[in-house]
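Every value quoted in this text rests on a predicted model; they were computed, and no experiment measured them. Numbers here are sequence positions counted from 1.
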Amino acid sequence: MANRTVKDAASVHGTNPQYLIEKIVRTRIYESKYWKEECFALTAALLVDKAMELRYIGGTFGGNIKVTPFLCLILKMLQIQPDNDIVIEFIKNSEFKYVRCLGALYLRLTRPSIECYNYLEPLLVDYRKIRVQTRTGEFVLSHIDEFIDQLLRDDKVCDIILPRLQKRELLEDMNELEPRVSALEDAFGDDVSSGSSEDENPQIEDDYRSPSPVRRRKEERRKDDRRDHSRKEENRSRDEHRRERDRKDRRERRSRSRSRSREKKKKNKKEKEDRSDKSKSSSFKKDSLDISEANALRASLGLPPLIE
C-alpha cells in the first residue's frame, strides 16, 4: 500500500522509520490532501523536485490538526529511505534553504550522534531567513542557524520527538569527536599571533566586540519588546485619562441635571402656592358680596340684617 515502508528499508533506532513520527501525526499526514496528491508514488529523484517547491517549514497547525508539506516530505523520506549521499547533498545545497532544512531534520532523525554533529554544526554559520508556520497557523520569521540549534538542543522540533542525542562533551572525552572550533576562535587566534595592540589596530578590536548575528537578533527582539511595552503603557495611560475625563463629564452633567430639576420643582411649588392664594382671595370676595345682597333684601322686607 501507499503508506507502507519499502521492503528493503533498514530499521532506524531499532524500529520502523515511519514510527519515529507519532501515530496521531502520522495519521493526519496520511489523511492530508498534499500526501494523497503530491506524495503518491514519489521516488527519491522526484522528491528533490518537491523539496525545491517548499516555501516554509512547520509541523501541525490549526484546531483540527492539519499538517504542512514539510512534514509530509519528512515522512515520505522515512518511508522510501533515500541514499545517504542524497541526504548529504540536501544538507550541502546552498541555493535552496528549505531543501537544506529538510535534509538536516531527516539526518537528525535517522543518523547517529557523531554524524549529526559533523554535518549539522557547520550549518550554524548559515544566517539566512526562513518562514516558520506556528501551531496557530501564523507565519513567523526565523533563521537557519536557529533551526539547526533547535535540532541539536531541543527534544521536539516540528511536532516530531527527536531521538536522544549524546552530549558532545561525552563524545569528546571518548575521542570520538574533535573539539568544536568556533568561528570566532580563528579571529582571536590571528589577533594574538599578530601581537597588535588596541591602539595599533582598533578595527580588529571593533570586530571582536561586534555581537554575533544570533545575539544581534536577540538584542533587536529585546528592543522591539521594550518598544511594544512602552507603547502599551502609553496607550493604557491614554485610556485611563480618557476614562477619567468621561467620568468627570458624566458627574458634571449629572450635577447640572439635578440643579435644573431642583429649580424646576421650586418654580412649580411657587406657582402652585400663588394659585392657591388667588383662589382663597376670590372665594372671600364672593362670600362678602353674597352677605351684602342678603342684607339689602332683608331690609326691604323689614327684617334685621345679618352679621358679617
Side-chain angles (χ1 to χ4, degrees), residues 5 9-23 25-26 57-59 70-71 73-75 77-79 81-94 97-128 130 132 142-193 208 211-219 221:
T5 310
S11 62
V12 178
H13 301 293
T15 184
N16 189 326
Q18 292 194 79
Y19 293 169
L20 295 176
I21 299 178
E22 293 179 322
K23 182 178 180 180
V25 179
R26 196 166 64 246
I57 67 174
F70 182 82
L71 199 59
L73 292 181
I74 286 292
L75 182 60
M77 292 181 69
L78 293 172
Q79 185 184 85
Q81 274 196 350
D83 295 337
N84 194 34
D85 297 337
I86 297 177
V87 180
I88 300 303
E89 289 299 325
F90 275 22
I91 295 175
K92 292 182 178 180
N93 191 314
S94 59
K97 50 190 177 181
Y98 296 108
V99 174
R100 172 170 285 185
C101 294
L102 187 70
L105 180 55
Y106 178 78
L107 182 79
R108 175 67 178 85
L109 286 172
T110 58
R111 306 309 299 171
S113 301
I114 298 177
E115 293 188 20
C116 291
Y117 284 116
N118 289 332
Y119 287 108
L120 296 184
E121 282 183 345
L123 303 182
L124 290 173
V125 296
D126 191 348
Y127 307 125
R128 287 179 294 175
I130 56 175
V132 180
S142 184
H143 301 80
I144 294 181
D145 61 321
E146 295 180 2
F147 179 71
I148 300 300
D149 186 70
Q150 290 177 1
L151 293 178
L152 295 175
R153 294 177 181 273
D154 295 349
D155 297 330
K156 192 173 185 179
V157 176
C158 294
D159 296 307
I160 300 176
I161 299 176
L162 302 177
R164 181 179 176 275
L165 193 67
Q166 288 182 296
K167 297 294 184 181
R168 182 180 177 84
E169 294 80 3
L170 179 60
L171 296 176
E172 291 178 0
D173 294 338
M174 297 172 61
N175 295 326
E176 295 183 2
L177 195 65
E178 294 293 331
R180 183 188 172 194
V181 179
S182 175
L184 297 177
E185 290 186 7
D186 296 336
F188 280 111
D190 294 340
D191 179 63
V192 174
S193 61
Y208 296 159
S212 63
V214 177
R215 186 176 300 174
R216 192 182 302 115
R217 287 194 292 270
K218 291 182 179 179
E219 292 294 334
R221 290 174 183 172

Stepwise side chain to side chain contact (heavy atoms under 4.5 Å, CB included) test for L177 and N118:
CA-CA 8 Å; L177 195 65; N118 289 332; 3.3 Å; yes
Show your reasoning for whether side chain to side chain contact (heavy atoms under 4.5 Å, CB included) applies to L73 and Y106.
CA-CA 10 Å; L73 292 181; Y106 178 78; over 6 Å; no
Could you go through the side chain to side chain contact (heavy atoms under 4.5 Å, CB included) check for L102 and M77 one step at a time?
CA-CA 9 Å; L102 187 70; M77 292 181 69; 3.8 Å; yes
What do the steps show when you test L162 against L105 for side chain to side chain contact (heavy atoms under 4.5 Å, CB included), and what is the final call?
CA-CA 9 Å; L162 302 177; L105 180 55; 4.0 Å; yes
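Rounding to the nearest 0.5 Å places CG of L152 at 5.5 Å from CG of L120. To the nearest 0.5 Å, atoms CD1 (I21) and CD1 (I74) are separated by 7.0 Å. In this structure, I130 CD1 and R100 CZ are separated by 11.5 Å, a value rounded to the nearest 0.5 Å. The CG atom of L151 sits 12.0 Å away from atom CD of E146, with the distance rounded to the nearest 0.5 Å. Note: E89 CD to I86 CD1 = 9.0 Å, rounded to the nearest 0.5 Å. With rounding to the nearest 0.5 Å, the separation of NZ in K23 from CD in Q18 is 13.0 Å.
Residues S113 and Q166 share a closest heavy-atom pair of OG-N, 3.1 Å. G58 and F70 get closest at one heavy-atom pair: O-CD2, 3.7 Å. Across I148 and A104, no two heavy atoms sit closer than the pair CD1-CB, 3.8 Å. When all heavy atoms of C158 and L71 are compared, the closest pair comes out as O-CD1, 3.7 Å. Nearest heavy-atom pair across D126 and R128 is OD2-NH2, 2.9 Å. Smallest separation of non-hydrogen atoms from P122 and V125: O-CG2, 3.1 Å.
With contacts defined as side-chain heavy-atom distances shorter than 4.5 Å, the pair P82/F90 does not qualify. Using a 4.5 Å heavy-atom cutoff, the side chains of V25 and I160 are not in contact. Side chains of Q79 and P17 form no contact here, defined as non-hydrogen atoms less than 4.5 Å apart. Residues D145 and L123 form no side-chain contact, since every pair of their non-hydrogen atoms from C-beta on lies 4.5 Å or further apart. At least one side-chain heavy atom of N84 sits less than 4.5 Å from a side-chain heavy atom of I88. With contacts defined as side-chain heavy-atom distances shorter than 4.5 Å, the pair V12/L109 does not qualify. The shortest distance between side-chain heavy atoms of D155 and I161 does not fall below 4.5 Å. Within the 4.5 Å cutoff, the side chain of L165 has heavy atoms near those of the R108 side chain.
Figure legend: R168 and Y117 shown as a cation-pi pair, the cationic atom lying under 6.0 angstrom from the six-membered ring centre and within 45 degrees of its axis.
At distances below 3.5 Å, not a single donor-acceptor pair connects side-chain atoms of D83 with backbone N or O atoms of D85.
No more than 12 heavy atoms of other residues, nucleotides or ligands lie within 6.0 Å of CZ in R164, so this atom counts as exposed by the packing criterion. The local environment of CZ in R153 is sparse, with at most 12 non-hydrogen atoms from other residues, nucleotides or ligands closer than 6.0 Å.
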